[in-house]
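Worksheet: one structure, shown below.
These values consider heavy atoms only, across backbone and side chains, with no hydrogens, waters or symmetry-generated copies. Keep in mind that what you see is a predicted model, and the values were worked out from it rather than measured. Per chain, numbering begins at 1; letters A, B, ... match sequence-line order.
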Amino acid sequence: MPSTPAHSVIVLDFETTGLSPNMGDRAIEIGAVKLVNGDVVDTFQELMNPGRRVSSFIEGYTGITNNMLRTAASCEDVMAKFGHFIGDSHLVAHNASFDKRFLDAELERVNVRYSGQFACSMLIARRLIQDAPTHKLGDLVRFKHIDNDGVFHRALADAQMTAKLWMVMIDELEQQGVFDPSFKLMQTISKTSKGAMRGLLEKARSNAKS
DNA sequence: TGCCAGGCCCTCTTTAGGGCCTT
């Protein structure tokens, strides 16, 4: 049985062969950080061999080449390990609907299930950081002056940046008095994943004006 | 560089259409 604490959060990011598992696309890399009370306590990064060549566009976009994937473990082996890593944690991703589709598709292949709820940092950023020029992950990181090493479109780097952005937004909400001091990150995600973030953010803006 | 799909959100809306964001 997974030993992951119930209050932990996994921030994850997939690199893939394309946009849609329903169109035959597969994962080629998974990166994730585990947060407990907002602190990074563990990381996960693995390339995985999708069983076919990736396009030159994906090679250029991610820097992940067919040669790198040739000797990588299979998607099935990596995803079985990742399923154990996430345990029963709640999950965060930037544009989570994309990563959830691939997580669901790849875990279904290895008959692994997860119980955590998904929250989307992009949907929250669209409401909380309305003055950003765009809500692409890289643009938000630059806009909020979040430390980064300049690596984009690799799974662990993007997951780490998403985790930092996530904590910046949580801190802003707490500073605006939206959350009770005892409010736990797990509860935050539970609410956001149910779409109740709209009300929380409206309250945040109301508090900021008053 | 962009396309594919799909969910969310906005608006010149709801009997719809299109932009954003992810690879």
Which whole number of Å gives the distance between the [atom1] atom of [N] and that of [M]?
| N | M | atom1 | answer |
| --- | --- | --- | --- |
| B/dT1 | B/dG17 | C1' | 26 Å |
| B/dC8 | B/dT14 | C1' | 16 Å |
| B/dC12 | B/dG19 | P | 14 Å |
| B/dG18 | B/dC4 | P | 14 Å |
| B/dT22 | B/dT15 | P | 32 Å |

Between [atom2] of [N] and [atom1] of [X], the distance in whole Å:
| X | N | atom1 | atom2 | answer |
| --- | --- | --- | --- | --- |
| A/Asp25 | B/dA5 | CG | P | 10 Å |
| A/Asp99 | B/dT23 | CG | C1' | 9 Å |
| A/Met122 | B/dC10 | CE | P | 12 Å |
| A/Leu103 | B/dT22 | CG | P | 18 Å |
| A/Met48 | B/dT23 | CE | C1' | 13 Å |
| A/Arg101 | B/dC4 | CZ | P | 13 Å |
| A/Tyr61 | B/dT22 | OH | P | 6 Å |
| A/Ile58 | B/dT1 | CD1 | C1' | 13 Å |

If you check every side-chain atom of [X], which of [options] has the closest atom?
| X | options | answer |
| --- | --- | --- |
| A/Glu15 | B/dC21, B/dC4, B/dT23 | B/dT23 |
| A/Asn22 | B/dT22, B/dG6, B/dT23 | B/dG6 |
| A/Asp13 | B/dC9, B/dT22, B/dC4 | B/dT22 |

Scan [X] against the nucleic acid and name what it touches under 4.0 Å (heavy atoms): base, sugar-phosphate only, or nothing.
| X | value |
| --- | --- |
| A/Phe14 | sugar-phosphate |
| A/Thr17 | nothing |
| A/Ile28 | nothing |
| A/Asp158 | sugar-phosphate |

Go nucleotide by nucleotide along DNA chain B from the 5' end; which of A/Thr16 and A/Leu19 gets its closest nucleotide reached first? A/Leu19
With nearest nucleotide decided by heavy atoms, which residue, A/Ser97 or A/Gly18, maps closer to the 5′ end of DNA chain B?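 Its nearest nucleotide lies further toward 5', so the answer is A/Ser97.
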Looking at [Y] and [X], is any side-chain nitrogen of the basic one under 4.0 Å from a carboxylate oxygen of the acidic one?
| X | Y | result |
| --- | --- | --- |
| A/Arg154 | A/Glu15 | no |
| A/Asp39 | A/Lys34 | no |
| A/Glu172 | A/Lys144 | yes |

Spacing of CG belonging to A/Asp13 relative to CG belonging to A/Leu156, to within rounding of 0.5 Å: 9.5 Å
Can you list the residues that meet the side chain to side chain donor-acceptor pair (under 3.5 Å) rule with A/Arg101, with sequence neighbours excluded? none
Apply side chain to side chain donor-acceptor pair (under 3.5 Å) to A/Asp139 and list each qualifying residue two or more places apart in sequence or on a separate chain. A/Thr134, A/Arg142
Answer yes or no: does a side-chain N or O of A/His153 lie under 4.0 Å from OP1 or OP2 of B/dT23?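 Result: yes.
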Ignoring backbone atoms, establish whether A/His135 has a side-chain N or O less than 4.0 Å from OP1 or OP2 of B/dC20. no
hbond_proxy A/Arg126 side chain to B/dC20 base (donor-acceptor, 3.5 Å cutoff):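 Indeed, a donor on one side and an acceptor on the other fall under 3.5 Å apart.
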